[in-house]
Undergrad: 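Please see the structure below; I have some questions.
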There are 2 protein chains.
Amino acid sequence: MTPPTPPTAPRTRLTPDQRRSQLLDLGVRLLATRSLDELSIDLLAEEAGISRGLLYHYFGNKHAFHEAVVRRAADDLIAQTTPPTEGEPMVRLLTSITAYVDYVIANHEGYVSLVKAAAGGNESLRAIYEEARDALNSRAFREDANGQILQDTPTTRLVVRGWSAMTEELVLSWIDDPSGVTREQLIEIVTASLPAIVGVIPGE
Amino acid sequence: MTPPTPPTAPRTRLTPDQRRSQLLDLGVRLLATRSLDELSIDLLAEEAGISRGLLYHYFGNKHAFHEAVVRRAADDLIAQTTPPTEGEPMVRLLTSITAYVDYVIANHEGYVSLVKAAAGGNESLRAIYEEARDALNSRAFREDANGQILQDTPTTRLVVRGWSAMTEELVLSWIDDPSGVTREQLIEIVTASLPAIVGVIPGE
DNA sequence: CCACTCTATTGACACTTTTTCAATAACGCC
DNA sequence: GGCGTTATTGAAAAAGTGTCAATAGAGTGG
């Protein structure tokens, strides 16, 4: 029941960089509509119009390919939510959170796949995700001419990790079912809860 | 390069309940150190010292086996953290959180398995996890003779979901690296942050 | 203590997906 | 227009999943 392959598809030859990019982009795109382990080499090769062998040539094995796709998605997230480097700290934080929320809204499917892939995956996948999240988190600590929002202590770091897990859960749950909460309220809740939680750290 | 299998391993015959238990326990243990799709039937059968066929006999297919493993971990969590039904609401919450934290400390492996599988898995796996988490969360809402802690509105539910994701992240991160925070402080942070976050919900 | 029966357990086989690799054929260069 | 480099392919091996008739523990009755 092989679909009648056009006699012999004319093979197109790209530069390694072009090909790699094409495959990663396609991977990210496909990931939005299925889970990581449903993203088979077979499927990808067919969608890309290439042989399976080529994928192995570029990425070595399925797992490495998945890793590259997740890294691509994570980089995309970071790139599209870069915060301003100037302004009042709280304003910068608000801007950063707004960018994050809007990114998740716009790339809902893809973001869910990223999170799922990372959470359910092995060490290396989780590491990529951790790295991305640290990049987001550290924005709350970043120091600049206007001073920084939070002290950088181990406990604060821990609490910020927690806050960021909460943020992720809130945004994703909200998208599933806003139940009366507006985007603005959501952003307000997320933003205001950071100082609220940090304020709860026991003095030493 | 097959390791020299002892001529023919003497087959041991257990009761179905014993065997099922053995396999589920092993499954939970193995899942703690690898991802769901690295938990192959092959690996499990080898670790258990049985044939692959036996796994299929008991669980039907790989997916059903995964589901059974996750359900096992979830049931264990619920059973071991039943909260008190009496007392001041805040005291009950504290007791409940303490039980949760101690459970995660004591059953780190099993809990990690549960979280990983749920986050990375499909609908049915996530449902099992959600069910367990709802059972924990609803304790914060449970009404009794002493009144309840929180109003039960959609927004509050949303925020509690977030809080609970934060709690999970905090406890797991803390176990990985306590960096100076004591168990008591951790519990205090987690407990105090629930009212702190709820207090941040915008009035309407 | 020895069949005998019941059923837990196995092993070999069919099928799907991943991985390997020698052979092939685009494209740039002379 | 021929030539060399190397991107790309296709076929076949390997690994994983699922099926099922055949095998052999372990308790039971004689």
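Below, chain A is the first sequence line, B the second, and so on; all start at residue 1. This is a predicted model, so every value here is computed, not measured. Note that these values count all heavy atoms, side chains included, but never hydrogens, waters or copies made by symmetry.
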Undergrad: Mind checking whether A/M166 and A/V190 have side chains closer than 4.5 Å, heavy atoms only?
TA: no
Undergrad: Without decimals, in angstroms, what is the distance between A/R11 CZ and C/dA23 P?
TA: 14 Å
Undergrad: From the options D/dG16, D/dT8, D/dA12, select the nucleotide whose nearest atom is closest to the side chain of A/R52.
TA: D/dA12
Undergrad: B/S40 side chain: which of D/dG16, C/dT9, D/dT9 is closest?
TA: D/dG16
Undergrad: Please report the distance, rounded to the nearest Å, between CG in A/D17 and P in D/dT6.
TA: 14 Å
Undergrad: What closest approach, in Å, do A/L39 and A/G27 show between heavy atoms, and which atom pair accounts for it?
TA: CD2-O, 4.0 Å
Undergrad: In whole angstrom, give the distance that lies between atom CD1 of A/I41 and atom C1' of D/dA14.
TA: 15 Å
Undergrad: Under 4.0 Å, heavy atoms only, any strand: does A/T15 hit a base, just the sugar-phosphate, or nothing?
TA: nothing
Undergrad: Check every atom of C/dT9, C/dC27, C/dT10 against the side chain of B/R13 and return the nucleotide holding the closest atom.
TA: C/dT9
Undergrad: Report the residue (B/D42 or A/S51) whose heavy-atom-nearest nucleotide on DNA chain D is the more 5′ of the two.
TA: A/S51
Undergrad: Does CD belonging to B/Q80 count more than 12 external heavy atoms closer than 6.0 Å?
TA: yes
Undergrad: Locate the shortest heavy-atom distance separating A/S113 from A/R34; write the atom from each residue and the value.
TA: OG-O, 3.6 Å
Undergrad: Contact list please: residues 55-65 of chain A against DNA chain C, heavy atoms, distance less than 4.0 Å, in numerical order.
TA: A/Y56, A/G60, A/N61, A/K62
Undergrad: Taking all heavy atoms of A/L170 and all of B/L158, pick out the closest pair and write down the distance.
TA: CD2-O, 3.3 Å
Undergrad: Expressed as a whole number of angstroms, how long is the span from B/R19:CZ to C/dT10:P?
TA: 7 Å
Undergrad: Mind calculating the distance between CD (A/E46) and C1' (C/dT18) to the nearest angstrom?
TA: 16 Å
Undergrad: Say whether B/S179 and A/R157, considering side chains only, have a donor N or O and an acceptor N or O under 3.5 Å apart.
TA: no
Undergrad: Could you state the atom-to-atom distance from CD1 of B/I50 to P of D/dG25 in whole Å?
TA: 16 Å
Undergrad: Nearest whole angstrom, please: distance from the C1' of D/dT8 to the CG of A/L54.
TA: 6 Å
Undergrad: Please find the pair of heavy atoms, one from A/A68 and one from A/L24, that lie closest to each other, and give the distance.
TA: CB-CD2, 3.6 Å
Undergrad: Measure CD/B/E38 against P/C/dT18 and give the value in whole Å, please.
TA: 15 Å
Undergrad: Considering heavy-atom distances to DNA chain D, does A/L14 or B/D37 have its closest nucleotide positioned more toward the 5' end?
TA: A/L14
